[in-house]
Student: 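Attaching a single structure in structure tokens format; questions to follow.
Count residues from 1 along the sequence. Hydrogens, waters and symmetry mates play no part in the numbers below; they use all other heavy atoms, side chains included.
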Amino acid sequence: MAVTDTGQTGAGAKKPSPLFKNLTAKIAAIPMIMTALVVFIGCTLWTIYHSFTKSRLLPAPEKWVGLENYERLWSENRWIVSIENLAIYGACSLILSLTIGFILAALLDRKIRFENTIRTIILYPFALSFVVTGLVWQWILNPQLGLQNVVRSWGWETFTFDPINNADIVIYGILIAGIWQGSGFVMVLLLAGMRGIDEDVWKASRVEGIPAWKTYIFIVIPMMRPVFVTALVIISAGIIKVYDLVVAQTSGGPGIASEVPAKYVIEKMFTSQNLGLGFAASTMMLLSVLVVLIPWAYLEFGGKKNG
């Protein structure tokens, strides 16, 4: 009888409500949730609201001007130049970072000798701050001290490579520094994804006589879609907020040739003391972030739900 009662009690016991499941972890997460709601979401809404006001040195919520700041923003040549630079830098950085990172990851995935040493050397630039990277590449690209001077000292007197003083190509000089720093991080992400692929895939490709490069392109890359999406989001977030690299390397020059949106926002808010216009520019940057995050969220969560 005791055994029967015990069995009925175990079978008839009610499962705990999902609301109270992992209750301790949920309670511990309350400070983080409140921080996200108050600090991040609250400050974002506060910024968007004041972008419709004529705030100068201090916020002025009573001076409502509607879309005036946005109209002024998109009529200003400096902002247009910054958007064009961001588009060039962003497109080239995405393509080159993913391409170079994938090639380096594929080479290291072949389990070459001294892999740990080579991986450390390639990843080392990512450990540097953007300020240090900008200053280093400012020296390397300086025509009197850097690459141009070295090549001319070898006897090629007509060699010219001076992107940081050429308004037409200065953004590509910044791009070189950004690629140099970021490719190693992309390589590590993709290499981790490659190492997670089942070894049976490689055994099957070798049995079928498929070349390694075809295996990477037609089998490995499709299997690594989540890793590529994650790398894409991380790179895009870094591109949108690029600031210190530009300031350290060119200070936005020559003229406004290397201006970027983040630098525009900082100078409008703290140098020109025009909070309303700075808030409008930062709101446009927020929209660009959402353009990246919404497709990523759909691919990561919406696609799985539909599947």
Side-chain angles (χ1 to χ4, degrees), residues 86-128 133 137 140 147 151 161 163 169 171-240 242 289 291-307:
L86 186 66
I88 295 172
Y89 179 87
C92 295
S93 184
L94 280 174
I95 295 172
L96 293 177
S97 292
L98 289 174
T99 302
I100 296 173
F102 180 80
I103 293 173
L104 292 174
L107 292 175
L108 291 179
D109 189 47
R110 308 308 296 169
K111 297 179 174 59
I112 61 176
R113 295 181 62 185
F114 309 110
E115 176 189 334
N116 292 336
T117 303
I118 296 173
R119 186 171 63 234
T120 301
I121 293 173
I122 296 175
L123 186 60
Y124 176 75
F126 185 74
L128 303 176
T133 300
W137 279 95
I140 294 175
L147 185 62
V151 175
F161 187 68
I169 61 173
I171 191 63
Y172 298 102
I174 298 173
L175 176 66
I176 294 172
I179 295 297
W180 178 76
Q181 184 175 37
S183 296
F185 178 67
V186 177
M187 175 203 71
V188 172
L189 286 177
L190 298 183
L191 181 61
M194 291 178 184
R195 293 289 166 84
I197 293 176
D198 196 334
E199 187 64 27
D200 291 340
V201 174
W202 289 104
K203 292 179 180 178
S205 67
R206 285 193 290 268
V207 170
E208 295 294 333
I210 303 174
W213 67 271
K214 282 190 175 181
T215 304
Y216 277 112
I217 294 176
F218 297 107
I219 299 176
V220 173
I221 290 179
M223 294 178 67
M224 290 176 56
R225 185 187 67 84
V227 181
F228 275 101
V229 172
T230 301
L232 182 67
V233 172
I234 294 174
I235 297 171
S236 300
I239 289 169
I240 292 169
V242 63
V289 173
V291 168
V292 175
L293 290 181
I294 291 176
W296 170 78
Y298 176 78
L299 288 173
E300 285 298 306
F301 304 107
K304 293 179 180 178
K305 183 177 180 181
N306 294 335

Student: Identify every side-chain donor-acceptor pair in residues 177-201 under 3.5 Å, counting partners at least two apart or on other chains, and give the distances.
Tutor:
unit_1: Gln181; atom_1: NE2; unit_2: Pro125; atom_2: O; d: 3.3
unit_1: Gln181; atom_1: NE2; unit_2: Leu128; atom_2: O; d: 2.4
unit_1: Gln181; atom_1: NE2; unit_2: Thr133; atom_2: OG1; d: 3.4
unit_1: Ser183; atom_1: OG; unit_2: Ile179; atom_2: O; d: 2.8
unit_1: Arg195; atom_1: NE; unit_2: Asp109; atom_2: OD1; d: 3.0
unit_1: Arg195; atom_1: NH1; unit_2: Glu115; atom_2: OE2; d: 3.3
unit_1: Arg195; atom_1: NH2; unit_2: Leu108; atom_2: O; d: 3.0
unit_1: Arg195; atom_1: NH2; unit_2: Glu115; atom_2: OE1; d: 3.3
unit_1: Arg195; atom_1: NH2; unit_2: Glu115; atom_2: OE2; d: 3.0
unit_1: Asp198; atom_1: OD1; unit_2: Asp200; atom_2: N; d: 3.0

Student: ring-ring contact (aromatic ring centres under 6.0 Å, His included) with Tyr216: which residues, sequence neighbours excluded?
Tutor: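 Tyr216 satisfies ring-ring contact (aromatic ring centres under 6.0 Å, His included) with Trp202 once adjacent residues are dropped.
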Student: Say you draw a straight line from CG of Leu175 to CD1 of Ile169; how long is it, rounded to the nearest 0.5 Å?
Tutor: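 If we round to the nearest 0.5 Å, Leu175:CG and Ile169:CD1 are 12.0 Å apart.
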Student: Tell me which pairs pass side-chain hydrogen bond (donor to acceptor under 3.5 Å, both in side chains) where either residue lies in residues 185-194, with sequence neighbours left out.
Tutor: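 Found none.
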Student: Could you state the interatomic distance from OG1 (Thr117) to CD1 (Ile122), rounded to the nearest 0.5 Å?
Tutor: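 If we round to the nearest 0.5 Å, Thr117:OG1 and Ile122:CD1 are 11.0 Å apart.
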Student: If we only count heavy atoms from C-beta on, is the Val151 to Phe161 side-chain gap below 4.5 Å?
Tutor: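 They are not in contact (no side-chain heavy atoms under 4.5 Å apart), so the answer is no.
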Student: Listed by chain and number, what are the side-chain contact (heavy atoms from CB on, under 4.5 Å) partners of Val289, not counting sequence neighbours?
Tutor: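 Ile240, Leu293.
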Student: Identify every side-chain donor-acceptor pair in residues 88-103 under 3.5 Å, counting partners at least two apart or on other chains, and give the distances.
Tutor:
unit_1: Ser97; atom_1: OG; unit_2: Ser93; atom_2: O; d: 2.8
unit_1: Thr99; atom_1: OG1; unit_2: Ile95; atom_2: O; d: 2.7

Student: Distance check, rounded to the nearest 0.5 Å: Ile235 atom CD1 versus Thr230 atom OG1?
Tutor: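 Ile235 CD1 to Thr230 OG1: 10.5 Å, rounded to 0.5 Å.
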Student: For Pro211, enumerate each residue passing the side-chain contact (heavy atoms from CB on, under 4.5 Å) test, keeping only those at least two apart in sequence or located in another chain.
Tutor: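 Pro211 satisfies side-chain contact (heavy atoms from CB on, under 4.5 Å) with Trp213, Lys214 once adjacent residues are dropped.
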Student: Just wondering, are more than 12 heavy atoms of other shown residues or ligands nearer than 6.0 Å to CZ in Phe126?
Tutor: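 For Phe126, atom CZ is not crowded (no more than 12 foreign heavy atoms under 6.0 Å).
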Student: Test: ring-ring contact (aromatic ring centres under 6.0 Å, His included). Region: residues 104-125. Which pairs qualify, not counting sequence neighbours?
Tutor: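 Found none.
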Student: What is the minimum heavy-atom distance between Met223 and Pro226, and which atoms define it?
Tutor: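 For Met223 and Pro226, the tightest heavy-atom pair comes out as O-CD, 4.0 Å.
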Student: Would you give the length of the straight line joining atom CD1 of Ile112 to atom CZ of Arg119, rounded to the nearest 0.5 angstrom?
Tutor: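 Between Ile112 CD1 and Arg119 CZ, I get 10.0 Å after rounding to 0.5 Å.
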